[in-house]
Amino acid sequence: MSNKVIIFEAIEVTRKEPINFKEEDVYLFQHELKKIIPKSYLRELNQPLIINNSILDLRNLNFHFKHTFYKSHSISKIAKDTLKNIIYSNKGTENLDKGVWIVNSKSRNFGHWIIDAMCRLMLIPDRYKDYPVLLPSSFNIDWIIEILEYLNINYILLENNQKYKVNELILTSDAHPSGNYNPEIVKKLRNIFLDKAEKNSNENENRVWAYREHISRAVGNFEQIEKILYKYNFQLVKTEQLNLVEKINLFKNTEVLAGTHSSGLVNMIFMSKGSKLFEVRDYQDTHKNALFSLASALDIDYFYTERSESLVDGDGKIDPIKFEESLMECL
């Protein structure tokens, strides 16, 4: 078998309840207050083949699906995508001396890039720091490249359908299960971003609403919620339209980041310890606790309210009275 090196041992994390926790909501959080975060590791692979997002470790008869596909993908999708990569690969093989692998099939989403892929990068020991990150061509996305270049991380964009034989590939495991985070890893990532931030930027305490109405998961009565936000001096920000430096300079000086459940709230990675996250959770949703657990890992105070109806049964309205009451608790 390829060499396996443990980077972080398994740990048990205990999370405090939301600051504005209500007893009737215990079913939302009780299963998330204590979790085991499994160990994370890397493998040193000798001369595997890479085709797009597939790793063919023929020496060890292993395709490493667990670390190249997101956990929710079906076996049939994994088999179909892998077979397609092999069938449509170009003739001939290019050789690469070395590289690092940190992505899976969902890492092109901003939230998953930050809390999955970038956290996997945190597993790389200093002795491999000169190994370039290998990115399938589908990851040639402006904001991904911007992050890598901002942090001075060497990378190689792989050509679509090209076969690559890598003399030495460092394959990272998941840093943590998606939605449950190793606090040491996410804090390390935050520090790397903030250490590079301008020290003389605006230090006002911002209140930001991560605006998503134009993308997905809209609020049916947002015009009522918008009036409340303006009343309490929130700025509505389309976070995906900010470049990385703008995001860092905004959120490192943000007192409260608020919004509906979405990847826009993952921008808390740029916020300081002791700041606040206010999440509008989906109606009676016991599963989507990733933002609660990320806030806990980053020592950010977590507040919440819920939509008053589900997105499936209605248009996801928010009760404005309950919303304002919960927001005032946060403020």
Side-chain angles (χ1 to χ4, degrees), residues 2-5 7 40-73 77-125 127-175 178 189 244:
S2 53
N3 296 328
K4 181 177 180 179
V5 181
I7 305 300
S40 52
Y41 56 88
L42 56 83
R43 290 189 183 278
E44 300 171 347
L45 307 185
N46 294 317
Q47 298 187 334
L49 280 179
I50 294 177
I51 310 170
N52 300 328
N53 65 318
S54 294
I55 297 176
L56 285 62
D57 184 10
L58 302 179
R59 289 189 174 196
N60 297 299
L61 301 178
N62 196 333
F63 283 62
H64 300 285
F65 295 136
K66 184 166 68 170
H67 303 313
T68 55
F69 283 89
Y70 191 64
K71 63 180 181 180
S72 63
H73 289 322
K77 175 176 173 51
I78 293 172
K80 180 180 177 181
D81 286 0
T82 303
L83 188 60
K84 188 166 97 173
N85 284 339
I86 295 172
I87 291 174
Y88 292 104
S89 62
N90 298 330
K91 292 182 178 179
T93 301
E94 290 194 17
N95 294 312
L96 294 175
D97 180 39
K98 56 192 177 184
V100 167
W101 190 272
I102 64 171
V103 299
N104 64 36
S105 54
K106 204 167 183 176
S107 300
R108 290 185 295 275
N109 168 281
F110 173 75
H112 285 278
W113 173 262
I114 293 293
I115 58 184
D116 292 338
M118 288 301 297
C119 285
R120 287 172 71 171
L121 188 62
M122 297 299 100
L123 305 182
I124 303 299
R127 65 181 179 274
Y128 298 122
K129 289 300 183 183
D130 64 332
Y131 284 44
V133 171
L134 303 184
L135 290 178
S137 62
S138 58
F139 284 80
N140 189 8
I141 301 171
D142 289 347
W143 57 264
I144 289 179
I145 302 304
E146 180 186 27
I147 290 172
L148 293 174
E149 293 184 347
Y150 177 82
L151 296 178
N152 297 318
I153 295 168
N154 189 20
Y155 65 92
I156 294 176
L157 282 169
L158 307 179
E159 294 182 21
N160 190 45
N161 293 333
Q162 177 62 53
K163 290 194 290 287
Y164 293 90
K165 183 167 71 172
V166 186
N167 187 50
E168 185 179 3
L169 179 67
I170 306 305
L171 173 64
T172 57
S173 72
D174 293 337
S178 188
L189 179 60
L244 180 61

[X] side chain to [Y] backbone, donor-acceptor under 3.5 Å:
| X | Y | result |
| --- | --- | --- |
| Trp101 | Val103 | yes |
| Asn109 | Gly111 | yes |
| Asn104 | Lys106 | yes |
| Lys129 | Ile124 | yes |
| Thr82 | Ala79 | no |

Dump the intermediate steps for side-chain hydrogen bond (donor to acceptor under 3.5 Å, both in side chains) on Asn167 and Asn95, then the final yes or no.
CA-CA 7 Å; Asn167 187 50; Asn95 294 312; over 6 Å; no
- Query: Any side-chain heavy atom of Lys165 sitting closer than 4.5 Å to one from Glu94?
  - Reply: no
Q: Flag the pair Glu168 / Tyr128 as yes when at least one side-chain heavy-atom distance between them is below 4.5 Å, and no otherwise.
A: yes
Under the criterion side-chain hydrogen bond (donor to acceptor under 3.5 Å, both in side chains), I'd like the reasoning laid out for Asn161 against Asn90: C-alpha separation, chi angles, the key distance, then a yes or no. CA-CA 6 Å; Asn161 293 333; Asn90 298 330; 5.1 Å; no
Lys/Arg-Asp/Glu bridge criterion (N-O < 4.0 Å) met for Asp116, Arg120: no
- Task: Report yes or no: do Ser137 and Asn140 form a side-chain donor-acceptor pair below 3.5 Å?
- Result: no
Check the angle between the aromatic planes of Tyr41 and His67 and answer parallel, tilted or perpendicular using the 30° and 60° thresholds. perpendicular
Review point. Is the NZ atom of Lys98 crowded by more than 12 outside heavy atoms at less than 6.0 Å?
Key: yes
Going through the checks in order, is the side-chain hydrogen bond (donor to acceptor under 3.5 Å, both in side chains) test met by Tyr164 and Glu159?
CA-CA 9 Å; Tyr164 293 90; Glu159 294 182 21; 4.6 Å; no
